Amino acid sequence: MKNSEIADLLDRTALLLEAVGENRFKIVAFRRAAKNVRNLSEDIEDVWNTGGLEQLPGIGKGIAKKIDEYIRTGKITYLQKLENQVPQAAIDLMAIPGIGPRTAFKLTKEHGIQNIDSLREAIQNGSLDDFFGPTIRKKIISEIEMIKSTSKRMLLPQAEEIAGSIVEYLKAGGIHIIIAGSIRRCKATVGDIDAIALDENAVELLSKFPHTSKVLSRGTKKASFILDNGVQVDVRISEKDELGATLLYFTGSKDHSIALRNIAISKGYKLNEYGLFDESSGKLIASGSEEGIYKALGMQYIEPELREDRGEIQAALQGRLPNLLRKGSLKGDLQMHTLWSDGLSTIEQMAREAKLLGYEYIAITDHSKSARLANGLNEDRFLRQWKEIDALNEKMSPFTILKGVEVEIKGDGSLDLEADFLNSFDVVGISMHQGYNQSPEKLTQRMIKAMGSKRVHYLCHPTNRLIGIRGGHEINMERIIQEAKDRGIMIEINSQPNRLDIDEVWARKAAEEGVDLVINSDAHSTEELTYVRYGENVARRAWLESKNVINTLSLNQLLRRLS
DNA sequence: GCCGTTTTCGGCCCGACTGTTTTCAGTCG
């Protein structure tokens, strides 16, 4: 049973409750439960087995009973009843910005709208003129056109690039803006771009940005725009002495903000985007800096990457936040590919670039022979590659190039290079690139068998997810982590922006279990070596400290760890 | 529906913007 499967059902329940106009706090309760189940780092079925569902935060008798019913019978009667009550059309209509649950429900129930196309028809033939005013009618038609080209969440680098172009454009106009939201939290994917400006002229200037295709709303405190690539930009106007409060509010996450506001309430304060105030007197307590607000709430400063309401607030109140891995503190990179297999650069080019980045060492880890499409190396070619590496090491000393391999796990869990041969490598990573269609149980067995091979240092991108393209394998990550712990095998945080595998939830779990992680670029060209910063994001969002990350070690320490 | 070093009942974050609103509901972040 996948936690996300249960979480999706709880989210769907919340959505349907919204449509029927249920008490909004009940809706919030389902959403919170869904989130907590999604972020759980143990299998919900195991929790259920031990009768601990109601001990989970946000899950009480009611929701526990529904989860129990689902695990036992595969259905939730309560949800089924809701499904009968709310037409699928209402859910579809809610995808149109500006149409919320109440409007969607009314449209389907009172006006017989079947889907998005029939809504457009009804608006165009005038049969909804009594329901919508002219402005809304026009807006909805335009939104429906948009929705077909609407982009899903984008990867962080893409969002950073768009945000960067906005920052540059406004800078040229003499206006400084700060990017907040999920970009500041360094989330793997970004939905829209949130920016803060101290100058209200930012709104006027942005409406003239060559890539702005539409102004969604525009007031004195905030405005929203749609760019020609479909990306939404929300701008918030702040004052310098309120900047801390605005940053806090606009960085989110929403759940973190809500939790923080509850802490404020419990201390007799009120927190909003203008500042932290004394509830009774209205007196301002703090607003200029985030640090000041956290301090006034009696807690440690919380880095943006941690602001997801995953326990960081309790930890900050108790003064036990982790000493997060610093960006740029890696001393080497243990996975990259060259022209020998499927990379685009030579070993020397990779090494020189890595040296420029300030590394002490890298490992060249080209694919092994059964990765045919990737031009994997057989034993003879590795022997020849090592000669090249030896020569380069003499030339570049003390910078060190380690002899590595990303060795293929075959369908039966064996590796495609013999143990004796693997002994000659400095570092061995194992991964799967084929035979994905096995059952989750079989895939798990296969990985565990591979981890039992004699010389394995780390497990590469364990779930093989490609964000936005395919979800990861439903392998039993708890067992894999246990196996890694028992055998002293490290787990990779692969930094390719569309992989970021393992993710922050499991990386955190692995570290809690005492498993070491390694942040690798998996670069296929010199340009990709800097991708490690996305892996560092994952590490920080996973609460990792440098002691959890093996490639923060100096070369000598690393070699001792690898031997 | 959940939750409790003030509570097992009565709360549940807070505010901006829009429409055709003359006091507020709906939507959004």
Side-chain angles (χ1 to χ4, degrees), chain A residues 10 13-14 16-19 21-36 53-67 76 78-79 82 93-107 129-140 143 180-182 185 190-196 200 203 215-226 232-238 242 245-246 248-277 279 297 309 313 317:
Chain A
L10 295 174
T13 307
L16 296 170
L17 288 172
E18 235 176 352
E22 246 299 355
N23 175 319
R24 65 196 173 98
F25 300 111
K26 189 190 275 194
I27 295 159
V28 167
F30 273 97
R31 289 248 153 80
R32 186 167 38 223
K35 180 187 125 111
N36 288 334
L53 283 180
E54 284 185 51
Q55 268 69 61
L56 296 175
I59 295 182
K61 273 197 168 40
I63 293 180
K65 209 173 143 202
K66 291 171 181 70
I67 296 176
I76 301 175
Y78 182 74
L79 178 58
L82 277 170
L93 294 181
M94 284 165 67
I96 302 170
I99 295 195
R102 304 301 302 140
T103 312
F105 192 64
K106 278 187 213 158
L107 280 171
D129 285 4
D130 292 339
F131 189 70
F132 290 131
T135 314
I136 295 267
R137 293 203 296 272
K138 198 172 149 216
K139 180 174 146 70
I140 290 177
E143 289 292 358
S182 44
R185 300 202 312 279
V190 174
D192 51 25
I193 293 175
D194 299 316
I196 299 170
E200 61 188 23
V203 173
V215 180
L216 280 181
S217 72
R218 185 174 166 168
T220 57
K221 296 283 179 196
K222 64 182 201 181
S224 294
F225 306 90
I226 299 283
Q232 181 168 336
V233 180
D234 297 325
V235 181
R236 184 91 201 181
I237 306 299
S238 179
E242 294 171 348
T246 311
L248 199 53
Y249 154 75
F250 221 32
T251 298
S253 67
K254 189 178 174 179
D255 290 324
H256 179 83
S257 293
I258 291 174
L260 218 49
R261 288 172 179 196
N262 282 320
I263 297 293
I265 290 170
S266 74
K267 293 184 182 292
Y269 298 146
K270 181 176 78 167
L271 178 62
N272 59 27
E273 58 265 52
Y274 300 107
L276 179 67
F277 302 90
E279 175 65 43
L297 288 172
D309 191 24
I313 293 197
L317 283 167

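Chain naming here is simple, since letters A, B, ... match the order of the sequence lines and numbering starts at 1 in each. Predicted model, so just to flag it, every value in this text is computed and none were measured.
Comparing the C1' positions of B:dT20 and B:dA25 gives an interatomic distance of 13 Å, to the nearest angstrom. Taking the C1' atom of each, B:dT8 and B:dC3 are spaced 9 Å apart, rounded to whole Å. Taking atom C1' on both nucleotides, B:dT18 is separated from B:dT23 by 15 Å, rounded to a whole Å. Taking the P atom of each, B:dG26 and B:dT21 are spaced 15 Å apart, rounded to whole Å. On the P atoms, B:dC12 is 24 Å away from B:dC17, given to the nearest whole Å. Atom C1' of B:dG11 sits at a distance of 32 Å from the matching atom of B:dT22, rounded to the whole Å. For B:dT6 and B:dG10, the C1' atoms lie 14 Å apart once the distance is rounded to whole Å.
Base-pair partner of B:dC9: B:dG4 (Watson-Crick or G-U wobble, both distances under 3.5 Å).
With respect to the salt-bridge test (charged N to carboxylate O, under 4.0 angstrom), the residues A:Arg236 and A:Asp194 do not qualify.
Here chain A contacts DNA chain B (any atom closer than 4.0 Å to a heavy atom, that is under 4.0 Å), and the contacts span B:dG1 to B:dG29 from 5' to 3'.
Taking the nucleotide of DNA chain B with the nearest heavy atom to each of A:Leu56 and A:Gly100, the more 5' of the two is matched to A:Leu56. DNA chain B is contacted by both A:Tyr78 and A:Asn262; A:Tyr78 maps to the nucleotide lying nearer its 5′ end (nearest heavy atom per residue).
Among the protein residues, A:Ile27 comes within range of no part of the nucleic acid, since none of its heavy atoms lies under 4.0 Å from any strand. Counting non-hydrogen atoms under 4.0 angstrom, A:Arg24 reaches nothing in the nucleic acid. If you check every strand for non-hydrogen atoms under 4.0 Å, A:Ser257 touches nothing. Nucleic acid contact class of A:Tyr274 (heavy atoms, under 4.0 Å, all strands): sugar-phosphate only. Among the atoms of the strands shown, only primed sugar atoms or phosphate atoms (P, OP1, OP2) are found under 4.0 Å from some heavy atom of A:Gln232. Within the nucleic acid shown, A:Leu260 has no heavy atom closer than 4.0 Å to any nucleic acid atom. A:Lys66 comes within 4.0 angstrom of sugar-phosphate atoms only, judged by non-hydrogen atoms across all strands, and of no base. Note on A:Ile258: a base of the nucleic acid sits closer than 4.0 angstrom, heavy atoms only. At the heavy-atom level, A:Thr135 lies under 4.0 Å from base atoms of the strands shown. Within the 4.0 angstrom heavy-atom criterion, only backbone atoms of the sugar-phosphate kind lie near A:Lys221; the bases stay farther away. Counting any heavy atom pair closer than 4.0 Å across all strands shown, A:Ser224 reaches no nucleic acid atom.
Residues satisfying the side-chain hydrogen bond (donor to acceptor under 3.5 Å, both in side chains) criterion with A:Ser253, sequence neighbours excluded, are absent altogether. With sequence neighbours left out, A:Arg24 forms a side-chain hydrogen bond (donor to acceptor under 3.5 Å, both in side chains) with no residue at all. Remark: A:Asp129 engages A:Arg137 in a side-chain hydrogen bond (donor to acceptor under 3.5 Å, both in side chains) (not counting sequence neighbours). By the side-chain hydrogen bond (donor to acceptor under 3.5 Å, both in side chains) test, A:Arg31 is found to be paired with A:Glu18, residues two or more places apart in sequence or in another chain being considered.
Counting heavy atoms from C-beta outward, A:Thr13 and A:Tyr78 have side chains that approach closer than 4.5 Å. A 4.5 Å side-chain heavy-atom check between A:Leu276 and A:Lys270 finds every atom pair outside the cut-off.
Listed by first then second residue, pairs satisfying side-chain hydrogen bond (donor to acceptor under 3.5 Å, both in side chains) with a partner in residues 257-269 of chain A number zero, not counting sequence neighbours.
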